[in-house]
Amino acid sequence: MNDIIFSSWQGRIIDNRGKDEQDRLPVDNVKLPAEFAPGKKILAFMGWDGVVIRDEGIDPFGMAVAYLEALQKTSCGKCFPCRVGTRLLLDILVRVRAGQGQKGDREKIIDLAQSIIASSKCSIGQTGPLPILHTLEYFVLPPGSAGVPPAGAKAGEKPALSGAKVEYLSAVTAPCVASCPSSLDIPRYTEEISEGKFTDSLCTIKADTCMPGTLGRVCVRPCESNCRRANIDEAISIKYLKRYAADRGVAKKSDPVAPVIPDKHQKIAVIGAGPAGLSAAYYLALMGYRTVIFEKLGEPGGMAAVGIPDYRLPRDILRREVDQIVMAGVEIRYGVNVGKDVTLAQLAHDYDAVFIGVGAHNSSNLGAEGEDMGYLGFIPGVKYLLDVNLGRDPYPEGKKVVVVGGGNTAIDGVRASFRLGKTDVNLVYRRSRAEMPADPVEIHDAEEEGVNFHYLCNPVRILAEDNRVTGIECIRMELGEPDQSGRRRPVPVPGSEFIIETDILVPAIGQAVDLSFLTPDDGIRLTKWNSIDVNEVTFETSHPGIFAAGDCATGPDVLVRACGNGRKAARMIDRYLMGLKLTPENKESFDSLFNSMNIYDKKENLGIIGGLARKHLKMLPPESRKFTFDEVEAGFRTDEAIYEASRCLRCYRVGLVALSR
């Protein structure tokens, strides 16, 4: 990145001031996007790890003042060094910039900043003053400061940009927040649990997701993979704390949802009552819109309902959360097959906006000889789990099962098979265990329950007698060079074929979205992957007034992203109906910015003594849980939740951008 003229990020000093572009050293340890939002160039960034400047006209001390003001607003005020220290820093710097500097100001700023860093209780104070120290060390103090600049400090050759030309915006993030597709304020709701403010915690969660009990059970928890607590002992059980807040809200009848009376005349149609559709409808209802969901199935939840077995996500939990969504004013019409009972064109005519949130209910082809022969016992993964979740055995005659795949659908398939009374359950995966995309916890649980794993194997031919599956011929694989996914490509080993006997073959190698309800006249452009082509920022399709999010737009993806994108799309629909330009909120632009900056550093030495073990949920023993569809995990007790939440380091960081007006 040769457009950066100065960077102190992570303590690595790159000083390109006064150099021609071809002579500048690259800055490769921080990825600062060119734009914050369309038409708003990022001139500089100041945050937890230093200062990055792109325009020589930036006044670094003016930016430092704006940054300290942001720190003041962010400080929780619970510890003296941060609350008072940042205020004193701000006062000194404001006075210095006004030409009223005093002898010793420079030393006061340094001593005060270092004291705040050393004695604050959380990352706001521990990281906040760092860019102030960098600014003081590498830039000349303004005239009248009475401070002595260090040797080698340089003033910009261009005059400082005036306040009329620069806009400062700030936001708070944390490694866990930046990695959450729904951008939940995790440190806040965790701290509220640690303080016994359970209803407040649930309110914080529901500000960004309407399905906390569901996500508290089946989220793949990317936040925990970016938890700084893991650098000293173990990551915090963020997912299960969310579940605790949700379950307690139900038990104590303190769920903060009240009916909303529509106060806007526009009507919105939502296609699909899956996570994306439910989220979009819920937040639109809270905005005062009349929102109607059209759902093909006889119950809500989409793939969350019919694709995840009850032992992981009890149906009553999901239905209770949908009841809350209905209470907010959303209407759900079940058994409506869009494309047959009503067309998209009709919905676009009868409603002021349409949101498409259909899930990936189709299965991808296995690619093995014989899969198109209609053999009994050959059951696609999505259909297999659909039958299981509707309370029926897809193939009662069979007792031996082979599931092919390495994702969560495959793991659900093998674990559900035991609960159907199947006795010989196998999983075939073409890569090694290390490359499996399924949740490692689910893989571990499947291993405990006795699933036979066949790694580095790939099916090539289905064996059958009397039109019934009798086995699967596989070939062994070895890992070659990495493919586009970054995983090593599996390569067949010639002559290594072998056979696994089975009555039931369940391909679960991928899911596909059924977009057969669309017609050419609808004007909805598709991608080459047969997903709906949407604007990544606005979620609008090629047809004005029709929006989409979830699996139909991203392809098969995690539930938490569908929830988050449904909520973001709701805001864009609101702007569309108000006749406003479809632009991202500052929060969403900051989310994108922070994601590009790799906030979490696995190698960071926190200088903190660990030893506080992570709390785990109590689970039924494998030999008893493998035969029941009842929920196999018990949630935290209150004392366990408070203890686990108290392990949070409150890793908030403040970031500030200087933008061109």
Side-chain angles (χ1 to χ4, degrees), residues 306-307 309 360-433 436 438 443 446-447 449-478 490-512 514 623 626-627 629:
V306 300
H361 290 262
N362 288 351
S363 294
S364 300
N365 291 332
L366 181 61
E369 180 184 335
E371 69 175 309
D372 298 325
M373 298 301 293
Y375 295 136
L376 295 175
F378 182 85
I379 310 168
V382 173
K383 184 182 184 305
Y384 191 76
L385 289 175
L386 171 64
D387 286 341
V388 169
N389 288 322
L390 293 178
R392 55 183 181 242
D393 188 334
Y395 193 62
E397 297 87 346
K399 296 301 177 185
K400 298 178 181 179
V401 181
V402 170
V403 177
V404 182
N408 285 330
T409 298
I411 297 296
D412 285 340
V414 289
R415 295 186 68 193
S417 294
F418 279 130
R419 290 158 173 82
L420 293 173
K422 312 304 181 185
T423 54
D424 184 359
V425 180
N426 302 267
L427 186 139
V428 171
Y429 179 55
R430 62 180 185 154
R431 289 184 168 97
S432 71
R433 189 185 192 280
M436 287 187 77
I443 299 172
E447 290 171 336
E449 291 172 9
V451 174
N452 300 313
F453 284 80
H454 303 267
Y455 294 114
L456 291 170
C457 302
N458 198 45
V460 293
R461 182 167 64 96
I462 300 171
L463 307 180
E465 290 181 8
D466 299 327
N467 202 43
R468 295 172 181 267
V469 172
T470 60
I472 180 74
E473 181 181 327
C474 299
I475 188 168
R476 300 198 183 278
M477 314 291 284
E478 60 184 8
V491 180
V493 178
S496 64
E497 291 83 357
F498 68 100
I499 292 172
I500 303 175
E501 293 183 357
T502 188
D503 309 309
I504 303 172
L505 178 62
V506 181
I509 60 170
Q511 295 166 240
D514 182 5
E623 287 307 314
K626 67 188 288 186
F627 299 117
F629 278 101

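Model, not experiment: these values are computed from the prediction.
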Reported CZ-to-CG distance for the pair Arg431 and Asn458, which is rounded to 0.5 angstrom: 10.0 Å
Cationic N near anionic O, under 4.0 Å, Glu473 to Arg461: yes
Pairs satisfying salt bridge (Lys or Arg N to Asp or Glu O under 4.0 Å), at least one member in residues 379-392, at least two apart: Lys383-Asp387, Asp387-Arg392
Considering all heavy atoms, the nearest Phe378-Pro507 contact: CZ-CG, 3.7 Å
Closest non-hydrogen atom pair, Phe418 against Phe627: O-CD2, 3.8 Å
Atom of Phe453, atom of Ile443 and distance for their closest heavy-atom approach: CZ-O, 4.2 Å
Close side-chain approach of Ile509 and Tyr429, heavy atoms under 4.5 Å: no
Spacing of Tyr375 atom OH and Leu463 atom CG [to the nearest 0.5 Å]: 9.0 Å
Donor-acceptor under 3.5 Å (Asn426 side chain, Val401 main chain): yes
Heavy-atom closest pair, residues Gly413 and Val403: C-CG2, 4.1 Å
Whether over 12 other heavy atoms sit under 6.0 Å from Asp466 CG: no
From Ile462 atom CD1 to Glu369 atom CD, the distance as rounded to the nearest 0.5 Å: 9.0 Å
Any Pro394 side-chain heavy atom under 4.5 Å of Leu420 side chain: yes
Gap separating the CG atom of Leu427 from the CD1 atom of Ile411, nearest 0.5 angstrom: 5.0 Å
Tyr384 and Ser417: side chain donor to acceptor below 3.5 Å: yes
Point-to-point distance, once rounded to the nearest 0.5 Å, from CG of Leu376 to CD1 of Ile504: 11.0 Å
Of all pairs that satisfy salt bridge (Lys or Arg N to Asp or Glu O under 4.0 Å), the ones with a partner from residues 395-412, not counting sequence neighbours: Arg312-Asp412, Lys400-Glu501
Approximate separation, where rounding is to 0.5 Å, of Gln511 CD and Ser363 OG: 6.5 Å
Set of side chain to side chain contact (heavy atoms under 4.5 Å, CB included) partners for Asn389, sequence neighbours left out: Pro309, Asp310, Arg315, Leu385
Chi angles and distances behind the side chain to side chain contact (heavy atoms under 4.5 Å, CB included) call for Val493, Glu478: CA-CA 7 Å; Val493 178; Glu478 60 184 8; 4.0 Å; yes
For the student: nearest non-hydrogen atoms of Val388 and Ala416, plus distance: CG1-CB, 4.2 Å
Non-hydrogen side-chain atoms of Val414 and Glu449 separated by less than 4.5 Å: no
Nearest heavy atoms of Asn362 and Val382, plus distance in Å: O-CG2, 3.9 Å
N-O pairing of Asp503 and Lys422 below 4.0 Å: no
